[in-house]
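Take a look at the structure below.
Lettering of chains follows the sequences in order, A, B, ..., and the numbering in each one begins at 1. Predicted, not measured: the structure shown is a model, and the values here were computed from it.
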Amino acid sequence: MTIKEKIASKLSSILEQLGVDIPAKDIEISSTKNSNFGDFATNIAMKLTRVLHKSPLAIADDIISKFELDEISKAEKAGPGFINFYIKDEAVQEIIKKVIDSKGNFGQLNQGKGEKTMLEYVSANPTGALHLGHARGAAVGDCDARLLKKCGYDVTREYYINDAGSQVYKLARSIKARYLQELGIEAEVPEDGYHGKDVVAFAKEIVEKEGDKYKDDSEDNLEFFRKKGIELALGGIKKDLHEFRVDFDHFTSEKDIRDAGKIDRVLEELKPYCYQKDGATFLNTTKDGDDKDRVIIKSDGSYTYLLPDIAYHKDKFDRGYSWLIDLFGADHHGYIARIKSSVKSLGYNPDKLDVDLVQMVRLFKDGKEYKMSKRTGNAVSLKELIEEVGVDAVRFFFVSRAASQHLDFNLDLAKTMGTVNPVYYCQYAHARLNAIIEMGTTKYKIDETGRNLIDPSELQLMKKMASFPSVVLDAALTLSPYKITIYVRELASSINEFYTKCRVLDPEHIELTESRLGLCLAAKSVLKEGLDLIGVNAPEHM
RNA sequence: GACCCUGUAGCUCAGCAGGAUAGAGCAACAGCCUUCUAAGCUGUGGGCCGAAGGUUCGAAUCCUUUCAGGGUCACCA
């Protein structure tokens with residue numbers, strides 16, 4: 001039971017004596033923003049004015065006169081009727097042992113109780129290298145997965161490969177053109193094809209390995225370029241993602257879904273909601289609030305992207321996942337209503353499918369916006385970004401804003417970020433603690449009781465550490481890794497403050513030194529856990 | 001036209017299941033290294049929370065209207 005819960009439960013029983021029945025979980029206990037108002041506060045006295053027909057201050061007096069709790073040194077009324085609670089130093093100090101005993105898993109929770117959860121993200125078409133926009137989705141999705149795991153969800157990270165739609169044929173024709181050019185045969189990349197330099201590299205590789213045996217114009221050869229193109233593009237994508245510390249548990253191919261006959265089955269099930277118009281098959285999605293019904297089979301008989309996607313989502317549920325999360329670029333926002341409607345029509349609970357959108361990244365270079373287009377080949381790739389800025393900084397930056405917020409990536413600033421970048425600030429705090437620990441443990445023992453730690457900077461640091469699990473839970477349930485970046489920044493700040501105010505290694509005061517070493521060890525551990533959640537390294541030395 | 005995101009300090013943003021004096025970082029200014037990493041710490045200045053109404057004991061937070069910016073609205077994916 002946390003201290004907050006203990007306070008709530010105590011308040012609940014006091015209120016019962018006053019003739020009001022409110023369960024502990026409905027009593028709001030907030031952490032105060034300002035230490036002048038104690039550590040925790042409740043507004044319950046103000047809420048009950050109408051019930052008890054008394055002024056909030058009088059109600060607060062009644063409650064305070066009966067309030068007593070081991071961990072709380074005092075409760076006092078304040079302002080318009082708040083009750084502020086002050087934690088005893090001894091209760092704060094207990095955090096050291098808790099953290100050290102957890103062996104690096106202080107924030108580990110069991111909220112999810114092993115619920116099988118699937119997080120689908122990136123899922124970029126295998127038609128070339130990943131660019132800036134994908135990179136943000138990759139960073140956010142990866143952190144979401146880390147957060148959910150931390151909270152006890154059984155998370156699978158999945159990448160859906162669009163390897164059967166028209167885009168991959170455009171890629172095939174583009175590679176083929178480059179391939180022919182490579183062989184000295186005149187050919188032109190289709191107007192709507194892919195003009196990036198990665199496609200040229202693919203063609204070169206094919207020439208090196210296969211020579212000219214695919215130079216003839218045939219269906220078989222085009223199929224070869226399609227397959228080879230996906231293989232090369234996906235290989236590159238996986239490599240870049242791995243470099244970015246983003247690894248998937250499972251890849252699902254659209255083509256496999258089609259070949260397994262799963263689309264026909266879905267079509268059969270959706271029949272009651274389908275109708276023919278202008279030679280195409282429409283799915284009724286307006287029944288669930290979509291703007292208009294959606295075409296699933298075009299008048300030429302081919303599928304729109306939606307139909308295999310529906311089959312894919314059904315497949316996810318059928319594989320035993322009870323919670324599905326899709327992370328898409330903001331340009332897919334029209335997609336939410338139609339996929340949710342489809343899922344509902346298939347008999348699944350649409351509330352167990354969450355579609356989160358990652359807003360656009362705008363790139364600024366040389367002081368002005370740099371317009372990107374993957375097709376024309378002037379996109380900034382993830383790989384280039386990592387090379388220029390570094391994995392830690394890129395990850396931290398992409399995750400430091402809510403996914404629903406637009407993000408301006410200033411490349412000039414990012415490159416010169418050195419001392420300005422918060423990621424170094426956090427890592428520095430970690431390395432500093434480590435330096436003390438390395439030096440200290442050769443001469444001193446470590447005291448885990450936290451006794452002697454009463455400096456304001458020490459108490460503040462321990463309180464900050466204690467709030468970690470609740471921050472993790474909040475960040476996970478709202479899929480908001482940016483909350484971890486804020487927390488980590490604050491924790492590092494508390495550490496640096498402690499560092500400057502409190503000398504740790506002091507032969508004159510052995511006992512205090514040992515207590516402070518315990519604090520360093522615990523603080524370092526929590527900071528590392530926080531950094532791990534956003535996939536940023538916690539260096540021992542800098 | 002419909003829908004999504006956003007207007008908070010000079011800049012980038014937190015805060016938005018209503019609560020006490022609206023917070024950080026950067027930038028500006030003033031201090032702090034004979035002692036564990038100064039990539040650090042301390043202090044100062046800086047705000048009609050886009051605007052107007054409404055709900056409330058109480059609004060940056062909720063509702064309506066309005067202004068401004070970004071984005072999406074395919075038988076593309």
Side-chain angles (χ1 to χ4, degrees), chain A residues 28 30 32-34 36-37 41-43 46-47 49-50 55-56 78-82 84 123-125 127 160 162 164-168 170 192 254 277-282 290-292 294-306 308-309 328-337 357-360 362 369 397 400-408 410 413 417-440 457 482-483 485-486 489-490 492-493 495-507 513 516-517 520 541-542:
Chain A
E28 206 179 308
S30 56
T32 54
K33 312 173 203 173
N34 189 326
N36 294 335
F37 302 137
T42 182
N43 58 2
M46 291 184 283
K47 291 236 154 146
T49 47
R50 258 167 262 164
S55 81
F82 290 98
N84 295 334
S123 295
N125 285 345
T127 50
Y160 179 56
N162 290 108
S166 55
Q167 293 303 320
V168 290
K170 284 181 189 166
D192 62 350
E254 176 186 352
K277 197 176 119 192
D278 306 332
T281 304
F282 282 73
D290 196 7
D291 294 355
K292 49 188 155 187
R294 302 292 163 178
V295 172
I296 51 173
I297 303 177
K298 302 182 216 171
S299 50
D300 68 1
S302 64
Y303 304 144
T304 64
Y305 76 97
L306 184 59
D309 264 18
F328 293 127
D331 52 339
H332 287 64
H333 93 85
Y335 175 96
I336 301 174
L357 299 179
V358 180
Q359 281 292 339
M360 299 290 132
R362 290 191 305 169
E369 188 173 357
F397 188 75
S400 63
R401 293 283 127 70
S404 62
Q405 303 263 359
H406 295 261
L407 188 70
D408 290 341
N410 187 328
L413 195 73
M417 244 173 187
T419 61
V420 174
N421 195 325
V423 75
Y424 297 116
Y425 180 85
C426 300
Q427 292 180 321
Y428 184 61
H430 186 266
R432 269 179 145 184
L433 287 179
N434 184 63
I436 298 176
I437 293 166
E438 278 185 357
M439 250 175 277
S457 67
Y482 79 93
K483 292 183 176 178
T485 65
I486 292 174
R489 181 74 181 68
E490 289 171 352
S493 171
I495 289 169
N496 280 328
E497 212 174 302
F498 157 72
Y499 183 93
T500 29
K501 282 194 190 148
C502 299
R503 168 88 202 173
V504 176
L505 306 177
D506 180 2
T513 295
R516 284 182 169 164
L517 275 173
C520 289
H541 304 279
M542 280 176 82

Seminar exercise, completed: The nucleotide from B:C41, B:G19, B:A20 with an atom nearest the side chain of A:A78 is B:A20
Problem set entry | Nucleotide B:C5, atom C1' - distance to CG of A:D408 in whole Å | 13 Å
Problem set entry | Base-pairing mate for B:C73 - Watson-Crick or G-U, with both contacts under 3.5 Å | B:G1
Exercise. Does a nitrogen or oxygen in the side chain of A:K170 sit under 4.0 Å from OP1 or OP2 of B:C76?
Worked result: no
Exercise. In whole angstroms, how far is the C1' atom of B:G40 from the CG atom of A:N496?
Worked result: 6 Å
For this session: Could you give the distance separating B:U8 and B:G45 at their P atoms, to the nearest angstrom?
Result: 23 Å
Problem set entry | Heavy-atom donor-acceptor pair, A:S400 side chain to A:Y482 backbone, under 3.5 Å | no
Problem set entry | Pairwise C1' distance, B:C62 and B:G15 [rounded to whole Å] | 16 Å
Exercise. Would one find a side-chain N or O of A:Y424 under 4.0 angstrom from OP1 or OP2 of B:A38?
Worked result: no
Exercise. Is there a donor-acceptor pair under 3.5 Å between the side chain of A:T513 and the backbone N or O of A:D506?
Worked result: yes
For this session: Using the C1' atom on both, measure B:A17 against B:C63 and round to a whole Å.
Result: 16 Å
Problem set entry | Heavy-atom check, side chain of A:L517 versus side chain of A:L505, under 4.5 Å | yes
Seminar exercise, completed: Taken to the nearest whole Å, CZ/A:F397 to P/B:C13 is 8 Å
Exercise. Would you find a donor on one side and an acceptor on the other, under 3.5 Å apart, between the side chain of A:R401 and the backbone of A:H406?
Worked result: no
For this session: Report yes if a side-chain nitrogen or oxygen of A:Q405 is closer than 4.0 Å to either non-bridging phosphate oxygen (OP1 or OP2) of B:A14; otherwise report no.
Result: yes
Problem set entry | Among B:U6, B:A77, B:A39, the nucleotide that comes nearest once only the side chain of A:Y305 is considered | B:A77
For this session: Taking the side chain as every heavy atom from C-beta outward, state whether A:P56 and A:P80 have any atom pair closer than 4.5 Å.
Result: no
For this session: Could you say whether the aromatic ring of A:F37 and the base of B:A20 stack, counting only centre distances under 5.5 Å and plane angles under 30°?
Result: yes
For this session: With the side chain of A:H333 defined as its heavy atoms from C-beta on, choose the nearest nucleotide among B:C73, B:U72, B:C36.
Result: B:U72
Seminar exercise, completed: Closest of B:G19, B:G70, B:G15 to the A:H406 side chain is B:G70
Exercise. With sugar-phosphate meaning primed atoms plus P, OP1 and OP2, does A:A41 contact a base, only sugar-phosphate, or nothing at under 4.0 Å between heavy atoms?
Worked result: base
Problem set entry | G-U wobble or Watson-Crick pairing nucleotide for B:G43 (cut-off 3.5 Å, both distances) | B:C29
Exercise. When you check the phosphate oxygens OP1 and OP2 of B:A14, does a side-chain N or O of A:R489 lie under 4.0 Å from one of them?
Worked result: no
Problem set entry | B:G18 versus B:C13 - spacing of their C1' atoms, nearest Å | 22 Å
Exercise. What distance, rounded to whole Å, do you find between the two P atoms, one in B:C48 and one in B:A60?
Worked result: 14 Å
Problem set entry | Pairwise P distance, B:C73 and B:A77 [rounded to whole Å] | 13 Å
Exercise. Just to confirm, is there a sub-4.0 Å distance from OP1 or OP2 of B:A38 to any side-chain nitrogen or oxygen of A:Y425?
Worked result: no
Seminar exercise, completed: Any strand, both distances under 3.5 Å, Watson-Crick or G-U wobble: B:U34 pairs with none
For this session: Rounded to the nearest angstrom, tell me the gap between atom CG in A:L357 and atom P in B:C73.
Result: 13 Å
For this session: Could you tell me the separation between the OH atom of A:Y482 and the P atom of B:G25, rounded to a whole number of Å?
Result: 18 Å
Seminar exercise, completed: When A:K277 and A:K47 are each assigned the nearest nucleotide of RNA chain B, the 5'-most assignment goes to A:K47
Exercise. P atom, B:G40 versus B:C26: distance in rounded Å?
Worked result: 8 Å
Seminar exercise, completed: The answer to which of A:T32 and A:S299 contacts RNA chain B further toward the 5' end, by nearest nucleotide, is A:T32
Problem set entry | A:Y428 side-chain N/O to B:A39 phosphate OP1/OP2 under 4.0 Å | yes
Problem set entry | Base of B:G40 and ring of A:Y499 stacked, centres under 5.5 Å, planes under 30° | no
Seminar exercise, completed: Quick note, A:S166 side chain, CB onward, closest among B:G71, B:C76, B:C75 is B:C76
Exercise. Taking the inter-plane angle between the rings of A:Y335 and A:H332 on a 0 to 90° scale, is it parallel (under 30°), tilted (30 to 60°) or perpendicular (over 60°)?
Worked result: perpendicular
Seminar exercise, completed: Given the 90°-from-0 boundary between syn and anti, B:C33 should be labelled syn
Problem set entry | A:R401, nearest nucleotide to its side chain (from B:A14, B:A77, B:A74) | B:A14
Exercise. Closest to the A:Q359 side chain: B:G19, B:C4, B:C36?
Worked result: B:C4
For this session: Please measure how far the P atom in B:A14 lies from the corresponding atom in B:A9, and state the result in whole Å.
Result: 12 Å
Problem set entry | Euclidean distance, atom NZ of residue A:K501 to atom C1' of B:C36 [Å, nearest integer] | 18 Å
Exercise. Roughly, in whole Å, what's the span from CG in A:N43 to P in B:G19?
Worked result: 9 Å
Exercise. Short question: side chain of A:T32, backbone of A:A41 - any donor-acceptor pair under 3.5 Å?
Worked result: no
Exercise. Of the nucleotides B:C36, B:G71, B:A20, which one has an atom closest to the side chain of A:N84?
Worked result: B:A20
For this session: Return the nearest nucleotide to the side chain of A:R362; candidates are B:U37, B:C75, B:G70.
Result: B:G70
Problem set entry | Donor-acceptor under 3.5 Å (A:T304 side chain, A:I297 main chain) | no
Exercise. Should A:V358 and A:L407 count as side-chain neighbours, where that means a heavy-atom distance under 4.5 Å?
Worked result: no
For this session: Return the nearest nucleotide to the side chain of A:D278; candidates are B:U72, B:C75, B:U12.
Result: B:C75
Exercise. When the distance from CG of A:D309 to P of B:A77 is rounded to whole Å, what number comes out?
Worked result: 10 Å
Problem set entry | Counter-base of B:C62, judged by Watson-Crick or G-U geometry with both distances under 3.5 Å | B:G54
